[in-house]
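Before any comments, here is the structure.
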Protein chains: 2
Amino acid sequence: MDVGKWKSIFGRYEAASFTVNKRFGSMIKEQLQDVLTVEQQMTLSYIKRFGSCTTTELAEAFCVQKSAITAIVTRLAEKGYIHRIRDEKDRRIVYLKLTEEGLKVFQWGEEKVFEVVSPYLKTFSEEEIETFLTLYEKLASQVNEE
Amino acid sequence: MDVGKWKSIFGRYEAASFTVNKRFGSMIKEQLQDVLTVEQQMTLSYIKRFGSCTTTELAEAFCVQKSAITAIVTRLAEKGYIHRIRDEKDRRIVYLKLTEEGLKVFQWGEEKVFEVVSPYLKTFSEEEIETFLTLYEKLASQVNEE
DNA sequence: TTGAACAGTTCAACTCTTGAACTAGTTATG
DNA sequence: CATAACTAGTTCAAGAGTTGAACTGTTCAA
């Protein structure tokens, strides 16, 4: 494929991802109301998935500085959704865990996100969605190999 | 398909888009250095595509309030990348256009974004990329029908 | 034992965002 | 025609997210 062809493919990708990200982002934000921000919901989601995690892990997963995570976690802790637990053996490490309230709020938020996204996924056939996800996951795994 | 199946598909979509967005976002931000933010680059891109546009159009396309656009445009105008031109007939309307400098900076930024994204797109076969883009564009067009 | 490395936090500065209040201009209705 | 309703855009205060530098406290290896 020549350079012009790749530029055209890049342009199509850019346009599609712009639209999907902006629209979904805005609809999700609206659904989460003033309870959680999108970043806060993703933070709860990450902690939930791994049971517990550290600031450093979150910073790497979210591709931001650790101080950005500290800020988000502090706000979630103030709302009572996260516990900070120091490791007894290595006292530098702080484990982040969801509180019971945090788990409830996460599940509520996750349902809201599902309600936004799933109607659009459902417009695809089972075969289309499988093909799309397989390719999207391939892209994700390529991008993940830093 | 039952609810559990949809939840699983939703989870896969959520995970893939999280990874791709965070990783690409961070790499693009790094490439744009201190010259432009990602939002500023997207703003220049939108104006470039339509030749000129208004605050209201940008706000709709970006799914944000008009005041958010005013802030971004003000910063871009201060850097000399955008002109504000009042409509002679309806003097409420302000057209936003790229300056020569703005066009140059946009093209530089676009090339940087291309350099980040295209190596990953190139790991796919021509058929895969066509299939993926067709489905992604279908999703974008569904999401766009507000 | 001491110096390097690591985990996490604090802080100032910046961008982006909202929502309310505002200016200024246009349109529609009685 | 007058005026009320609407429209385009801006300003402002407040808050979230982000960076990068400086910091605390802890661990580990030479």
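So that the names make sense, note that chain A is the first sequence line, chain B the second, and so on, each numbered from 1.
- The distance between atom CG of A:Asp34 and atom C1' of C:dT17, rounded to the nearest whole Å, is 13 Å.
- Counting heavy-atom neighbours within 6.0 Å of B:Lys122 NZ, excluding the residue itself, gives a total above 12.
- The CD1-C1' distance, from A:Ile85 to C:dA7, rounds to 16 Å in whole Å.
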| task | Determine, for nucleotides 9-19 of chain D in 5'-to-3' order, which nucleotides have protein heavy atoms under 4.0 Å from the base (write B), from only the sugar-phosphate (write S), or from neither (write -). | result | BBBB---SBBB
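- Ring to ring, A:Tyr46 and B:Phe18 are not that close: their centroids are 6.0 angstrom or more apart.
- Shortest non-hydrogen contact noted between B:Val38 and B:Gly25 is CG2-O, 4.4 Å.
- Regarding B:Met42, its CE atom lies at a distance of 13 Å from the C1' atom of C:dT15, rounded to whole Å.
- Here the closest non-hydrogen pair linking A:Leu121 and B:Trp6 is O-CH2, 3.7 Å.
- Going from atom CG of A:Asp87 over to atom P of C:dA7 covers 12 Å, rounded to whole Å.
- Using a distance-only test at 3.5 Å, with no hydrogens or angles considered, no donor-acceptor pair links the side chain of A:Arg86 to the main chain of A:Val94.
- Distance, B:Leu58 CG to C:dT17 C1': 15 Å, rounded to whole Å.
- Here C:dA5 presents its C1' atom at 12 Å from CG of A:Asp90, a figure rounded to the nearest Å.
- Between B:Tyr136 and A:Tyr136, the ring planes are tilted. Angles from 30° to 60° get that label.
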